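All remarks here apply to the structure that follows.
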Amino acid sequence: MKNKKAEIIEIILVTILISLSINLISSSIFMLNDIKSIIVMSIGIIICLSIVMYYLKIKVKSMNIDKFIEGNIILDVKNKNIYKSLEYFSSFNISDDINAVMLENKEINKKYNESLKDIEKFNEDNFKLQNSYFSFVINSAIEYQILNLLTDHIHLDDKDIKTIDLNNAPKDILNNIFIKTLAKDYKTRKAFNNYKDEMKEDEELFTVKSDEGYIYNKFTIAIPKNAILIKKENSLVVKSKYFKITIEWGINDASLPFPDMEFYNFFSHDKVDYEDVEISYYIKVKVEYSLLSMFSKKSDNYYLWIEFVVNQIIEFLTLKIV
């Protein structure tokens, strides 16, 4: 109700001010030989244009999106796996992806397991949690999930998208441990020897998961053609002259799953134990539109695509309670 009242008052004030400025212009337009009339008309034009630009900026700002998403994962301390929750879509992928990287990269496996030796201290010392190799792996897994949600370019025409893959992605993105391991060509990996015989020479797979848990995912994402993708520490930015999308993520803290164990066990494939650890994380999604977006023929498509991406992130990385 407050927003509606503010909007009505805004419209009334804008209408009055524009009417006054038009009145100034119309009253002096037939007397252009008089310097005073020219000044009055100029003032009217400036006021009119200023009001229009101000109103457009307000309307563009109202289109902006600012979302804060909270989620959590439960670490099975005994087996060093992430529990899969029926109502957390991301928990299945994060769990499987971490397991696949550990299977294939012995160095990462060793660092990951060593970081979990002091897992009980994560509950007591947030600094140790934030700076642990475990947190690095979880943050990298969240980044990998977000990047995979940029694969669909619904609402954008093929001619209006730019494909980013292993050949042209920013170096900081290619350094993600999941991309480095899981996007590596399956034809060169021993774990997928059985698939080589089944494939035709000119055939290409986009995703493969072996019975042992090895994973191949072709890395390819799509963003608007006029946009660039920037990777910073625990953040991704998709930026163009029409909009800017900033996605940030991180781990908040670690705690025991008690007293919510019954709740977690209701959704979990496996039974959560008292010794397990709950890791809370957050994702911030901020979308800012520029004034130019109001004058672009493709602005509706950009808006729909951005809305789709934001909804995908929310749906994939938050708990679904039915």
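What you see is a predicted model; the values in this text were computed from it and never measured.
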Tell me if a side-chain donor or acceptor on [X] pairs with a main-chain N or O of [Y] at a distance below 3.5 Å.
X: Asn176; Y: Ser140; result: yes
X: Glu248; Y: Asn234; result: no
X: Lys159; Y: Leu156; result: no
X: Asp276; Y: Val77; result: yes
X: Asn168; Y: Asp165; result: yes
X: Asn126; Y: Asn252; result: yes
X: Asn105; Y: Val101; result: no
X: Asp125; Y: Lys128; result: yes
X: Asn109; Y: Met102; result: yes

Answer with yes or no whether the side chains of Asn217 and Thr207 bring together a donor and an acceptor at under 3.5 Å.
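Asn217 and Thr207 do have a side-chain donor-acceptor pair below 3.5 Å.
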With no hydrogens and no angle check, do the side chains of His155 and Asp300 hold a donor and an acceptor under 3.5 Å apart?
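Looking only at side-chain atoms, Asp300 and His155 do not form any donor-acceptor pair under 3.5 Å.
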Under 4.0 Å between a Lys/Arg side-chain N and an Asp/Glu carboxylate O for Asp96 and Lys84?
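A salt bridge links Asp96 with Lys84.
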Partners meeting salt bridge (Lys or Arg N to Asp or Glu O under 4.0 Å) with Glu212 (sequence neighbours left out)
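Result, salt bridge (Lys or Arg N to Asp or Glu O under 4.0 Å) vs Glu212: none returned.
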Heavy-atom side-chain proximity of [X] to [Y] below 4.5 angstrom:
X: Ile82; Y: Ile138; result: yes
X: Asn64; Y: Phe243; result: no
X: Glu143; Y: Lys231; result: yes

Measure from the ring center of Tyr302 to the ring center of Tyr289 and say whether it is less than 6.0 Å.
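No - the distance between ring centres of Tyr302 and Tyr289 does not fall below the 6.0 Å cut-off.
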Is it the case that over 12 heavy atoms from other parts of the model lie below 6.0 angstrom from the NZ atom of Lys78?
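No, because the 6.0 Å sphere around NZ of Lys78 holds 12 heavy atoms or fewer from other groups.
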